[in-house]
2 protein chains.
Amino acid sequence: MDRHLVDLLQRNGQTSYAELSKAVGLAVSSVNDRVRKLVERGVITGYHAHVSPEAAGLDLLAFVFIGWSDPEVAAPFLERIGSEPAVQEAHHVTGQWNYLLKVRVRTTRMLEAFLANVIKAIPGIQRTETLIVLSSAKETMALPTALPDWFK
Amino acid sequence: MDRHLVDLLQRNGQTSYAELSKAVGLAVSSVNDRVRKLVERGVITGYHAHVSPEAAGLDLLAFVFIGWSDPEVAAPFLERIGSEPAVQEAHHVTGQWNYLLKVRVRTTRMLEAFLANVIKAIPGIQRTETLIVLSSAKETMALPTALPDWFK
DNA sequence: AATGAAAGTTGTAGGGT
DNA sequence: ACCCTACAACTTTCATT
């Protein structure tokens, strides 16, 4: 039941309680209760308008691997990229690199500036490797709510 | 002006027109006009509830690189991962790999099943490399609306 | 937990500046 | 483009089962 509501709200965050009510077969006020509790419990963390990167002029998407040896680098690195809007994601990953960044900029010139003025400006960062995204076949923020058939 | 509205709606997709109106200094109906046009123009592509992966039981995030030689593999690969909820993103990237996937599952056992039953089940896929995400320091879908100071 | 109805807000469309 | 107004739709609360 809650899964169904979450599913619908992931797809369309503006779905009215009237519509949700019809879809799940509960009264409007019951739906209101359940959604409120989903937010209180932290299952639903927020509602956001999604913006087309291209419409915003951000035509270049890149993944940047970051490497360092000195563990002292981590704190200033995280602080810097945390306040950098061009960085959409920063993940601590296994393997030969420390971090993987997802970066959106306008052009290759701007990517170059990002690497030179933001990343290399952090003392101690030794290696980077950049992958340019040619096209994105899929990009969704909807999480699976049910177990897939290939895993039981 | 539109940038300001987009900014606010990216942060909170439930911001009322009354609040937007107060924030940008326009009448409610003007705000309504502008937001409607932003949606019509495709700048705002939709509104979505954001769900906590951990609350949904998806504790494992991984990036999976996929490689093949035969170009015939692309079509069936894209069709398969397009309909796979565990795959959040699929990017065609430069470098030694063809695609980079962002995958969310519950456990390492489920990741193993994904690689065996979904990826390796696609004929022609020759190489994969999986990076496990230990922690995500940043994960936002808010796009920058202004040019950064490190790029003029 | 779920329901129906009342009361308060908000979204939207119209005409006007 | 922007504003004001009015009505419809929606959200939220509350008493009840």
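Chain letters run A, B, ... following the sequence lines, proteins first, then strands; residues in each count from 1.
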Between [X] ([atom1]) and [N] ([atom2]), how many Å, whole number?
X	N	atom1	atom2	result
B:Leu20	C:dT10	CG	C1'	12 Å
B:Lys37	C:dT12	NZ	C1'	14 Å
B:Leu9	C:dG11	CG	C1'	14 Å
B:Leu38	D:dA1	CG	P	12 Å
B:Leu26	D:dC3	CG	C1'	10 Å
A:Asp33	C:dG4	CG	P	14 Å
B:Tyr17	D:dC7	OH	P	21 Å
A:Tyr47	D:dC10	OH	P	16 Å

* On the 0 to 90° scale, with breaks at 30° and 60°, tag the B:Tyr99-B:His92 ring pair as parallel, tilted or perpendicular. => parallel

Quiz item: Between A:His48 and B:His50, what is the ring plane arrangement, given parallel below 30°, perpendicular above 60°, and tilted in between?
Solution: perpendicular

Considering only heavy side-chain atoms of B:Asn32, the closest of D:dC2, D:dT12, C:dG11 is C:dG11

Minimal heavy-atom distance between B:Met141 and B:Gln10, with the atoms involved, is O-OE1, 3.7 Å

Item to complete: Look at the side-chain N and O atoms of B:Ser30 and state whether any lies under 4.0 Å from the OP1 or OP2 oxygen of D:dA1.
Response: no

Using a 4.0 Å heavy-atom cut-off, does A:Arg36 contact any base of the nucleic acid, only the sugar-phosphate backbone, or nothing at all? nothing

Worksheet item: How would you label the contact of A:Ser29 with the nucleic acid (heavy atoms, under 4.0 Å): base, sugar-phosphate, or nothing?
Response: base

Note to self: More than 12 heavy atoms of other residues, nucleotides or ligands under 6.0 Å from CD of B:Gln126: yes or no?
What the structure shows: yes

